Amino acid sequence: MPANDTAESEVQRGTTPPAHGDADRTETAEWLESLQYVLRTKGPERVTYLLSVLDQAAHRQGVELPFSATTPYINTIPAEEQPPYPGDREIERRIKSIVRWNAMAMVVRANKEAEGVGGHISTFASSATLYEVAFNHFFHARTDDHPGDQVYYQGHAAPGMYARAFLEGRLDEQKLVNFRRELQPGGGLSSYPHPWLMPDFWQYPTVSMGLGPIMSIYQARFNEYLTDRGIKDLSKSKVWAFLGDGETDEPESLGAITLAARENLENLIFVINCNLQRLDGPVRGNGKIIQELEGIFRGAGWNVIKVIWGADWDPLLEDDETGLLVRRMGEVVDGEYQKYVVSGGDYIRENFFGKYPELKKMVAHLSDEKIKKMRRGGHDPEKVYAAYKAAMECKGKPTVILAKTIKGYGLGEIGEGRNATHQQKKMNQDELREFRSRFGIPISDEEVAKAPFYKPPADGAEMKYLRERREALGGYVPSRATISPKLETPKLSEYADLLQSSGDREVSTTYTFVRLLTKLLRDKRVGKHIVPIVPDESRTFGMDSLFTQVGIYSHVGQLYEPVDRENVAYYREAKDGQILEEGITEAGSMSSFIAAGTSYSTHGVPMIPFFVYYSMFGFQRIGDLIWAAGDMRTRGFLIGGTAGRTTLSGEGLQHQDGHSLLNAIAFPTVRAYDPAFGYEVAVLVLDGMRRMYEENEDSLYYLTVENEPYRMLAMPPGAEEGIIRGIYQLNRQVAENARAQVQLFGSGAILREALRAQQILSERYRVSSNVWSVTSYTQLRREAQDAERWNMLHPAEPPRHSYYEDAIAGQEGPFIAASDYVRALPEQLSPFTPGGLYVLGTDGFGRSEVRKELRRFFEVDAESIVVASLYRLAQQGKIETSEVAAAVKDLGINPEKPNPLTV
Ligand SMILES: Cc1ncc(C[n+]2csc(CCOP(=O)(O)OP(=O)(O)O)c2C)c(N)n1
Ligand SMILES: [Mg+2]
């Protein structure tokens, strides 16, 4: 070896000063010698310490050190530090090939049978090694002595998981044939991971990009919470999240990564499948996604492991004495790396290595074919294994593995690395034959066109190995537990104090809710299962007294003396704290809610989350997470605080919520309620607990609560069922010399406007009325439609009645509803109301104003309800039209006022 080459390699190793740009080589050599000495005698930790001391000293004296968030574009774990591979590489390769084939065949066949049914081949093709190494060596199932891992599979890699479960004997062939055809005889398979559709298989819906990553972070944190609170020891559990590199552009993917580092979530492992492509094209054609992500995650405090190059590159890297190869690796942008995938070895030789004559020389002995086949790290099981093992052993921080792969790996010219590969769903006979040959699947040329599924003999080496590996890891995954231990929940009679009138005291429904929550936290049966979750709004809701009572959860306890320590209710953080005070993140809080609300299944420990937030920032802002929560059969209570378009005083259109209850209609498992009085809140919460935690009902409760103080009435006898089902009659007012009658529906704080309207109607217009509290238009409509549907399908049988129709049977209309929400909410009942339902609501952006003015603005105040009642009576010919006009004037309503919807 020429002398200067030796010198350069010493530079690389850090034993000799570089030849150029060094003003004093002797001095540099002395420093390096000291460093070598410390490293040799005291080890790397001492070196790190000394360097940090030097760093600090230099910094204090104004020396600015260069900052680099990234490391060279090579594997984090050098080849010489790779652990030996514990498995049988050859058998594992064969298993993986079979899984690849079946996954591909499933999608191809589904699209042959039903044009356009969809599915994805190329994503799993890129990540098969990432999964197979984990299935064979890492993913632990839940057993009696292991709490199990939680795995978030990349959603559209689902065909790979199905293909493996088929080999494992957990899914029969018919199911695979019916991929994406769930309604076919024999059942089928859902497109993506959906616990709602495959409740004993999938745990976490991940295909709405970004949700898997954020949910996994809070899952890992929730595991710590359960451990720290002594509820279940989950210290052996790992949370694995597999995501796409394109997916990381979703704000949810990266938005919570600092929490994972801050909370020292060493139980969390992200695996990012960096195939450099998303749906339309490259993720970062002009840059390098792996480097970008490395910088972000390192900056956030994660352990970052890059798996870029497969073993084929190791000898070249070893020969890279000058560091030129590493430099070239770092220069090339992703768009170009993608181009190498679709090009021949000659192109790579010229364009990649050829940039520098020294590099070209380096590969002179390699054939074009060999150059083309040099694998990327994510396709090399040994590299992947080394990364996973290091992640498992990493202490004190979460790990992200950035694995470089090829999208559509193995699909050859039709898909590998092509921009359109994401949508590839079909393969012709030649392509199938080529795929079969490349992966050595024993299917004949005659058969191959039909893309038959392949299963090796049950007693063959592959199947034996597969079973043994999974047995060693506790059983099969993915798998979801459908049974939940029951909790005994409190009876309403034991909470009777919450059903009383508040007398002269004016309180809000939020106040009653907090009283109820406080009581529940002390309840021996359910107390420790309650998980209060708040995104920095406890004081808004008057929940701050809970800080001291049950503590705010913190993995490290409280390392400081809180400023308000002398107060009764001070900011108390504790390792066994019960409240999850999430800070300003509704998405994070919702992810905690999901982790807690699925704990009955994930961990066999039912937990009862109460997520209390500004109602405006719920369904509107994080609707997709709530949708996923429904899919996951999450149980718990979403409490929309400061609710109502006119009930939240002064805030304006970004806070005053008049539509979360409308949004909630579309969520099948959500039972949404708009209670008016404290007792309604108590009835709903206790009944919800009974349904979800005793009866195992897959429901999600959404209750709006308000901060408007007023006198709470006592619960009328027998109202309980109506409160739960959605409507009950609150009172009846018979006017003196009554000449007509109306039915007034109200909800939430607007119920009091209906009560006031009742007085005006009676006293000034001689109209009697019944006032009804409608706690849930949606529940009533759902049930009414269900009855109607049944009647339609059974026309010859005696018709069924819905609860709503029975409740109002025989009542004389007109029916008028007033709501603090958009009109569409109460209008759900129009078709089931004799003569229709005339609705007043709060459509429009509104104003920053106080309650009284807002209610007039939106025309939902008592006076507006009176006018609406008289108008409807006039339309029915029960009073004169002139009386309505007079009332408009007398009640001070400006008839020329613009429609609040438009201003
Ligand atoms: C929130 C959301 N937006 C869009 C999509 C549609 N979509 C499905 S896969 C995909 C591309 C994914 O690219 P990447 O994350 O890099 O995954 P890869 O398939 O490359 O592994 C897109 C845009 C989605 N599923 N979710
Ligand atoms: Mg991608």
Side-chain angles (χ1 to χ4, degrees), residues 100 103-104 107 117-131 134 152-161 180 190-194 202 204-216 240-255 270-285 287-293 296 307-308 333-335 337-338 341-342 376-379 384 400-411 415-425 587 590-591 621-629 631:
R100 280 181 185 286
M104 176 278 297
V107 178
V117 76
H120 300 81
I121 301 175
S122 61
T123 298
F124 178 69
S126 66
S127 52
T129 300
L130 303 179
Y131 286 110
Y152 294 72
Y153 304 88
Q154 202 186 344
H156 52 287
M161 313 312 131
R180 291 186 166 229
S190 66
S191 51
Y192 303 119
H194 292 302
W202 294 117
Y204 311 113
T206 43
V207 80
S208 176
M209 319 229 120
L211 302 193
I214 192 167
M215 290 193 296
S216 70
W240 294 80
F242 287 75
L243 41 151
D245 47 359
E247 181 174 12
T248 60
D249 283 337
E250 289 287 359
E252 290 88 348
S253 299
L254 302 181
F270 268 22
V271 181
I272 306 187
N273 175 18
C274 297
N275 55 26
L276 314 186
Q277 288 175 245
R278 41 181 165 71
L279 195 151
D280 283 343
V283 178
R284 292 289 183 274
K288 282 217 276 302
I289 187 65
I290 291 182
Q291 296 301 87
E292 185 177 324
L293 291 172
I296 294 168
V307 184
I308 303 178
V333 293
D334 283 356
Y337 276 118
Q338 192 190 341
V341 175
V342 303
R376 294 187 176 175
H379 295 295
V384 172
V400 58
I401 291 160
L402 303 171
K404 186 164 172 168
T405 61
I406 291 173
K407 193 146 176 170
Y409 186 73
L411 294 184
E416 207 168 70
R418 306 275 161 181
N419 275 339
T421 191
H422 189 86
Q423 308 290 66
Q424 183 73 37
K425 302 169 201 318
M590 189 62 206
S591 300
R621 185 165 184 135
I622 49 156
D624 204 14
L625 276 164
I626 303 178
W627 184 260
D631 187 347

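Since we're looking at a predicted model, the values are computed, not measured. As a basis for the values below, the full set of heavy atoms in this structure was taken, side chains included, without hydrogen atoms, waters or symmetry mates. Indexing begins at 1, ligand by ligand and atom by atom, following the structure's order.
Glu247 and Asn273 form no side-chain donor-acceptor contact under 3.5 Å, judged by distance and modelled atom types alone.
Between Tyr192 and His156, the two ring planes are perpendicular [angle over 60°; tilted spans 30° to 60°]. Aromatic ring pairs are classed by plane angle as parallel below 30°, tilted from 30° to 60° and perpendicular above 60°; the pair His379 and Tyr409 is parallel.
We find the CG-CD1 distance between Leu402 and Ile308 to be 8.0 Å, quoted to the nearest 0.5 Å. Going from atom NZ of Lys288 over to atom CG of Asp334 covers 7.0 Å, rounded to the nearest 0.5 Å. For the atom pair Gln277 CD and Asn419 CG, the distance stands at 6.0 Å (nearest 0.5 Å).
No salt bridge links Asp245 with Lys404; every basic N to acidic carboxylate O contact stays at or beyond 4.0 Å.
Looking at every heavy atom in both residues, Thr206 comes nearest to Pro193 through OG1-CG, 3.7 Å.
Partner of Ile121 under the side chain to side chain contact (heavy atoms under 4.5 Å, CB included) criterion, chosen from Met104, Gln423, His422: Met104.
For ligand 1, the protein residues within 4.0 angstrom (heavy atoms only) are Thr123, Gln154, His156, Val207, Ser208, Met209, Gly244, Asp245, Gly246, Glu247, Glu250, Asn273, Asn275, Gln277, Arg278, Leu279, Lys407, His422.
Distances under 2.8 Å from the Mg ion (ligand 2) pick out the protein N/O/S atoms Asp245 OD1, Asn275 OD1, Gln277 O.
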